[in-house]
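Following: one structure in structure tokens, then a few remarks.
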Amino acid sequence: ERRSEAVFAYAPKNDFSQFEPRNEKWGANFPREFESYYQTSDTIFRSKYNGSATIDELEEDPRMVVLWAGYGFSKEYNQGRGHYYAVEDVRNILRTGAPNDSVKSPMPNTCWTCKSPDVPRMMNEVGIAEFYKGSWEKWGAEIVNPIGCADCHDVNTMQLRISRPALIEAFERQGKDISKATHQEMRSLVCAQCHVEYYFNKKKIEGVPYLTFPWDNGMTVEAAEEYYDNMNFSDWTHKLSKAPMLKAQHPGYETYLTGVHAERGVSCADCHMPYKSQGGVKFTDHHIQSPLNNVANSCQVCHREEAHKLIADVYSRQDKIKENVNILEDLLVKAHVEAKAAWDNGANEEQMQAILMDIRHAQWRWDYSVAAHGASFHSPVETGRIVSSGINIAQEARIKLTRLLADLGHNKEVEIPDISTKAKAQEYIGLDMATLNSDKEEFLGTVVPQWLEEASQRESKY
Amino acid sequence: ERRSEAVFAYAPKNDFSQFEPRNEKWGANFPREFESYYQTSDTIFRSKYNGSATIDELEEDPRMVVLWAGYGFSKEYNQGRGHYYAVEDVRNILRTGAPNDSVKSPMPNTCWTCKSPDVPRMMNEVGIAEFYKGSWEKWGAEIVNPIGCADCHDVNTMQLRISRPALIEAFERQGKDISKATHQEMRSLVCAQCHVEYYFNKKKIEGVPYLTFPWDNGMTVEAAEEYYDNMNFSDWTHKLSKAPMLKAQHPGYETYLTGVHAERGVSCADCHMPYKSQGGVKFTDHHIQSPLNNVANSCQVCHREEAHKLIADVYSRQDKIKENVNILEDLLVKAHVEAKAAWDNGANEEQMQAILMDIRHAQWRWDYSVAAHGASFHSPVETGRIVSSGINIAQEARIKLTRLLADLGHNKEVEIPDISTKAKAQEYIGLDMATLNSDKEEFLGTVVPQWLEEASQRESKY
Amino acid sequence: MSILKKILPPDKWKIPVIIVSAILLGLFFFLFYVSNASSYLSDDPKTCVNCHIMAPQYATWMHSSHREWANCNDCHVPHNNVFNKYYFKGKDGMRHASIFTMRAEPQVIQIKEEGHHVVQQNCIRCHSNLITDAKMNTIHGDFHSDRTDRTCWECHREVPHGRVNSLSSTPNAKVPLPESPVPDWLKEALKETKK
Ligand SMILES: [Ca+2]
Ligand SMILES: [Ca+2]
């Protein structure tokens, strides 16, 4: 009889603490969840725009190199893959640089925050601000386990749990108490610890790039923009246009909230962690991935439609949004290059100011609508709205630039350089990729093995 | 007892022909359908953007006056109301002018085509081309019954029937046979006889403005645009910008086809003519109207959601689309006025050509996305896509205009006139509203009563 | 005795009250009979279709995998104890019967809050093995309530009635025709009089 399987399936025995970072430890008690979690190491599935394979976004679309000129993302940016790779990927990416005894990483420790269950452990040990402080190599030997059980679960009850302070603090500043969230809301809020737009607030505590979510004025793209504008915040100054730029990072939760699924109470877990039955027990599939690789359990329980039709629905929404995202991207490249031409032709700060704010706002909208990768399905109408307004603002910038360039004696189209490949685009913005790559290789071959060694010694003593 | 109701509900007795235009005649056999049809005379309901009340669109949004300068729509345009008013409204509207013995209507007889079951009758009597030919007053005494039974039904079986040649011909040119349509498709195709984008083809038969649907290259906004561009068609030349314009007329069916409801086989009738039971008999509610005035029987059949939530869903989609439609409208006003300034500053045809094509294409997209009134709910993602691309093109026109104006020595913003009311806007584009209105009044007081008198004499002899 | 006194009407009202009560009782039985309300006491799904209004639900259930396992009352009537079962049946049955007879039924029937709760409990009753897990319950205090805090048909939207919920959504379905409450002799007699 299969029903009995359920009874003997496991014997809960938690002989470890809330801050146990090793998924295997938790997994021993929950083999179904652990085994399915482990499948996030699979990198085979590729959908039309997403999937678990690594996609070199800059190679696919070299215009992004120009959009991010002067910022780390122009060095390397990949479409994200499974949780299993979170730590590996943050080490591998050129953005974190190649720290060693004499060179520091260009990134702060805050970058570890969303990559590992070692994070709550360390925050518990050293304190939140202390954790964020300093450059990224500081915790290299501490953060080694990829995203896992302790990030989302309570050790005693296995209930969902918010482990990251940034989300709790953001709720507090909005006057909401996250501990009052319903169970169903928690099935999305655990994801909202990481799949959200964020910035590093350097004014909260002197010298600490404090992880903060820009939600104080509301959760829309405009509310966050206003928030940043009011505090004069910018992530970097664009190398070509000199615009004070914002980087939008995966506002997955925010855009999801504006879609019809959220409106109807469908949670992230409903689609990305659907139930699965095995041995007479329904459990939560921890193979978090594109639902298009699992239409039967995710979509089809709610939608009795053939799988290929549901997939076609997703693609058709993505196609319709991407069409205009593409246009917007072209306009932004032009705007940056034209702004550079204006500076080169002698424009002054005052003449450029309104133009640069337009560029900032237009690119913010572009980034906001693509960075989360799921938005054009999660909320196609809202995403379309954002892209539309982005196109309008980018073109306003270009109208002003045309007028200014004419004033400066250059009344004709500005030539756009050849940026048809990643390599050409990176050369155009003046990146020395050879050095960056070889330094990284060196770092991965020497520093990282030391970190791992140190960590395994430490963990062996738990 | 109620069981019998189903059996004895009606005894069809058609002592009249397929071309009987009087709804009362058909209605005698089908009192339920007739009575509900008659409710389209109700003009009380008003939703956020639609409803059955007459809304003076030009008063609500005077920018449209400028967009349509040089075209009849700038004189008067109302948000449509119930089928009951179709004939009355086409007489009342300033666009059809004030014909009398010495003055002809500016409109052709084709304008009657979608207003009355007298149309199939006349087409049967005089032939299709002959029906379309000549100016609009010709059939004034013939077309008197508002949209009704003979437009959609077969007299013998009461099955749905396509009564208008334009739809059949459009299918044929696409290589499709409309008589093969399924029953469920027919529940939308009867509407597609009228709720579609159309134009008057003057080349098919010399001297006849032949009603034609621009679907030969496909049903999308781009396919129709390409169709018109290839044949160098334009509805009128814009009075300010001199652009060769297209008027998009209510592409309701075309945009509906791109939405998720059509994708799932939901027909127009499912929402606008839901079933209703009365005395144990199910019948089709012929009170065609905004479903927001009847959420319980339309939406809630499929969506177990509270009515106020469903209405909020509709409004939120409409709001998101309208936000950018508004932007696009502003841009188009500017583009027309700036183009005028370019002409005034001595621009030549060659310099203007690309600009005018951009204006044509951008306004076409604006019109296509709003003219059908339902599109921002029927297909919000596609409508958003169209508006986005419209914004891009309108701004491209304005960039070119900026450069051209600079060349012509006018390198600054062009002033936009005060068009804050319908009256001001109409004055700006040079319309003599006083005369138009008094002529119309005269016409309605003298000519129309004659038509009605003639018609009632004729009908009394049937 | 004192209670009876309070309930019984004053003497001078006795006759009228008896008459009115008799009429009410008669009407009640008439309603009970004509509307086939007695069918609520049975478990046979056919009896639910005594109202043509139930036809769409019958037809969709007929085509569902539950047909072989669960009849209407398995889902729509409480099964926690016998009293509750018949109390609920009686209460619901009389309300539906009255609404039906008075022709006040809405076009689109929607399950009421109370009935909704009953169904949910029945889903859980049959599927408890699958949805909750004895071991999980022991460490995870809220596991059972977490697994059952949304209605099952929020996800299983087609179980068992499909999604289209209108009186007219299954126009051609074969539904057992209700037996007429008009006796055959009366029908014959009526036929005679028509001739
Ligand atoms: Ca991915
Ligand atoms: Ca209307």
Side-chain angles (χ1 to χ4, degrees), chain A residues 222 258-260 263-265 303-305 309-310 312-313 316-328 330-331 334-335 338 369 376-377 379-413, chain B residues 222 258-260 263-265 303-305 309-310 312-313 316-328 330-331 334-335 338 369 376-377 379-413:
Chain A
E222 286 88 0
T258 62
V260 74
E263 190 64 52
R264 294 285 181 273
H303 299 283
R304 278 220 185 149
E305 251 354 283
K309 275 190 99 178
L310 286 160
D313 285 336
S316 98
R317 278 157 191 72
Q318 291 175 332
D319 288 343
K320 284 181 191 193
I321 300 298
K322 300 288 172 199
E323 181 187 319
N324 285 302
V325 162
N326 242 319
I327 290 178
L328 177 49
D330 266 340
L331 300 179
K334 288 185 188 166
E338 287 162 356
S369 58
S376 45
F377 170 75
S379 191
V381 186
E382 172 71 359
T383 308
R385 185 187 74 83
I386 296 173
V387 175
S388 271
S389 74
I391 290 179
N392 180 43
I393 301 172
Q395 293 284 47
E396 280 300 326
R398 297 188 59 228
I399 289 175
K400 290 179 191 140
L401 276 164
T402 306
R403 207 168 284 136
L404 175 57
L405 279 164
D407 263 344
L408 300 171
H410 186 285
N411 192 24
K412 55 177 190 273
E413 273 191 51
Chain B
E222 286 88 1
T258 63
V260 74
E263 190 63 52
R264 294 284 181 274
H303 299 283
R304 315 307 242 155
E305 225 35 73
K309 277 190 97 178
L310 287 160
D313 285 335
S316 99
R317 277 156 193 72
Q318 291 175 332
D319 287 343
K320 285 182 188 192
I321 300 298
K322 299 288 173 203
E323 180 187 320
N324 285 302
V325 161
N326 242 320
I327 290 178
L328 177 50
D330 265 339
L331 300 179
K334 288 185 187 165
E338 288 162 357
S369 56
S376 46
F377 171 75
S379 190
V381 186
E382 172 71 358
T383 308
R385 185 188 74 85
I386 295 173
V387 175
S388 271
S389 74
I391 290 179
N392 180 42
I393 301 172
Q395 293 284 47
E396 280 301 326
R398 296 187 60 229
I399 291 175
K400 290 179 190 141
L401 277 164
T402 306
R403 204 168 286 134
L404 176 56
L405 279 163
D407 262 346
L408 299 171
H410 187 285
N411 193 23
K412 55 177 190 269
E413 273 192 51

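Reminder, nothing fancy here: chain letters follow the sequence lines and each chain counts from 1.
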Non-hydrogen atoms of chain A under 4.5 Å away: do they reach the side chain of B:L328, the backbone, both or neither? neither
Does B:T402 form a side chain to side chain donor-acceptor pair (under 3.5 Å) with A:T402? I'd like the steps, not just the answer. CA-CA 7 Å; B:T402 306; A:T402 306; 5.7 Å; no
Can you tell which part of B:E396 gets under 4.5 Å to a heavy atom of chain A, answering side chain, backbone, both or neither? both
When rounded to the nearest 0.5 Å, the distance separating OG of A:S379 from NZ of B:K320 is 5.0 Å
So, the part of B:T383 with a heavy atom under 4.5 Å from chain A: the answer is neither
Starting from the C-alpha separation in whole Å, work towards a yes-or-no answer on side chain to side chain contact (heavy atoms under 4.5 Å, CB included) for B:E323 and A:R385. CA-CA 8 Å; B:E323 180 187 320; A:R385 185 187 74 83; 2.9 Å; yes
Between B:I391, B:V381, B:N411, the one whose heavy-atom pairs under 4.5 Å with chain A are most numerous: B:N411
Using the side chain to side chain contact (heavy atoms under 4.5 Å, CB included) rule, take A:R403 and B:L405 through it: C-alpha gap first, then chi angles, then the decisive distance, then the call. CA-CA 9 Å; A:R403 207 168 284 136; B:L405 279 163; over 6 Å; no
Side chain / backbone / both / neither for B:I327 at chain A, heavy atoms under 4.5 Å: side chain
Test side chain to side chain contact (heavy atoms under 4.5 Å, CB included) applied to B:R264 and A:D313, step by step: CA-CA 11 Å; B:R264 294 284 181 274; A:D313 285 336; 2.5 Å; yes
Evaluate the criterion side chain to side chain contact (heavy atoms under 4.5 Å, CB included) for residue pair A:K412 and B:D407; output intermediate values, then yes/no. CA-CA 10 Å; A:K412 55 177 190 273; B:D407 262 346; over 6 Å; no
Side chains of B:V260 and A:R317, heavy atoms from C-beta outward: is any pair under 4.5 Å? yes
Would you mind checking which part of B:N324 comes under 4.5 Å of any heavy atom in chain A, side chain (CB onward), backbone (N, CA, C, O), both or neither? side chain
Atom CD1 in B:I386, atom OG in A:S388: separation rounded to 0.5 Å? 11.0 Å
With a 4.5 angstrom heavy-atom cut-off, which part of A:S376 approaches chain B: side chain, backbone, both or neither? neither
Before accepting this row, confirm whether a basic side-chain N of the pair B:K400/A:E413 lies closer than 4.0 Å to the acidic partner's carboxylate O. no
